Amino acid sequence: MILRGGCHCGLVAFEASVPDGAPVVVSECDCSICTMTGYQHVIVPESRFRLVEGKSETTTYRFGTGKARHIFCQQCGIKSFYRPRSDPAAISLNWRCIEDRGAIEARIVPAGGS
């Protein structure tokens with residue numbers, strides 16, 4: 001299944017493939033930045049992620065250990081995806097930035113700070 005999403009203004013757009021037939025696992029993180037922004041994670045291997053639009057439209061923020069790369073649209077400020085500290089070979093998609101979420105079966109689970 002292909003998930004499509006992006007930022008609020010539409011300058012940043014992505015696609016990612018997830019396995020068919022199983023609910024999409026959505027992790028509810030309790031770290032400071034995810035709690036403050038309401039970010040919900042869908043982790044995919046980097047090989048299954050494609051930035052369709054907006055590479056030049058993003059900026060990166062790092063804090064703490066500096067390992068996580070929080071990537072934001074420079075225009076609207078939305079973080080639709082990022083590279084998590086806990087899994088640097090993966091990309092975390094923001095569940096709330098994925099199109100047509102209502103048509104996708106999801107399972108929300110608690111997670112540690114990312």
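Because the structure is a prediction, the values reported are computed rather than measured.
Between Tyr82 and Tyr39, the distance separating the two ring centers is shorter than 6.0 angstrom.
Minimum interatomic distance between His41 and Cys34 (heavy atoms only, all atoms of both residues): NE2-SG, 3.2 Å.
Arg107 places no side-chain N or O within 3.5 Å of a backbone atom of Pro23 that could act as its donor or acceptor partner. Side chain of Thr35 to main chain of Ser32: no donor-acceptor pair is present (N/O by atom type, distance under 3.5 Å, no hydrogens or angles). Without hydrogens or angle criteria, Arg101 side chain to Arg96 main chain gives a donor-acceptor distance under 3.5 Å. For Glu57 (side chain) and Cys73 (main-chain N/O), no donor-acceptor pair under 3.5 Å exists by modelled atom type.
In this structure, Ile91 and Arg48 have side chains that are not in contact, with every pair of non-hydrogen atoms separated by 4.5 Å or more. Annotation: side chain of Arg83 is not in contact with side chain of Thr60 (no heavy-atom distance under 4.5 Å).
If you chain together hydrophobic residues whose side chains sit under 4.5 Å apart, Val25 and Val44 never meet in one group. Under a hydrophobic-cluster definition in which Ile, Leu, Val, Met, Phe, Trp and Tyr are linked whenever side-chain heavy atoms come within less than 4.5 Å, directly or via other members, Leu51 and Leu11 are assigned to different clusters. Transitive grouping of hydrophobic side chains (ILVMFWY, heavy atoms separated by less than 4.5 Å) keeps Val52 and Ile71 in distinct clusters. Under the 4.5 Å side-chain heavy-atom criterion for grouping Ile, Leu, Val, Met, Phe, Trp and Tyr, Val12 is connected to Leu3 within one hydrophobic cluster. Hydrophobic clustering (ILVMFWY, side-chain heavy atoms < 4.5 Å, transitive): Ile43 and Trp95 are in distinct clusters.
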(message) Would Arg85 and Thr65 count as a side chain to side chain contact (heavy atoms under 4.5 Å, CB included) here? Give the steps.
(response) CA-CA 8 Å; Arg85 179 198 77 220; Thr65 65; 3.5 Å; yes

(request) Starting from the C-alpha separation in whole Å, work towards a yes-or-no answer on side chain to side chain contact (heavy atoms under 4.5 Å, CB included) for Arg69 and Tyr61. (result) CA-CA 6 Å; Arg69 291 190 339 222; Tyr61 170 66; over 6 Å; no

(message) Run Ile78 and Cys97 through side chain to side chain contact (heavy atoms under 4.5 Å, CB included) and show every step you take.
(response) CA-CA 9 Å; Ile78 296 300; Cys97 292; 3.6 Å; yes

(request) Apply side chain to side chain contact (heavy atoms under 4.5 Å, CB included) to the pair Val26 and Val109, showing each step before the final yes or no. (result) CA-CA 6 Å; Val26 179; Val109 298; over 6 Å; no

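Crowding of Glu53 atom CD: a count of heavy atoms from other residues, nucleotides or ligands under 6.0 Å not exceeding 12. Open room surrounds CD on Gln75; 12 or fewer heavy atoms of other groups in view lie less than 6.0 Å from it.
In terms of the side chain to side chain donor-acceptor pair (under 3.5 Å) criterion, residue partners of Gln40 (sequence neighbours excluded) are, by chain and number, Glu28.
With respect to the salt-bridge test (charged N to carboxylate O, under 4.0 angstrom), the residues Glu99 and Arg4 do not qualify.
For the atom pair His70 NE2 and Thr58 OG1, the distance stands at 14.0 Å (nearest 0.5 Å).
Relative orientation of the Phe14 and Phe81 rings is perpendicular, given thresholds of 30° and 60° on the angle between their planes.
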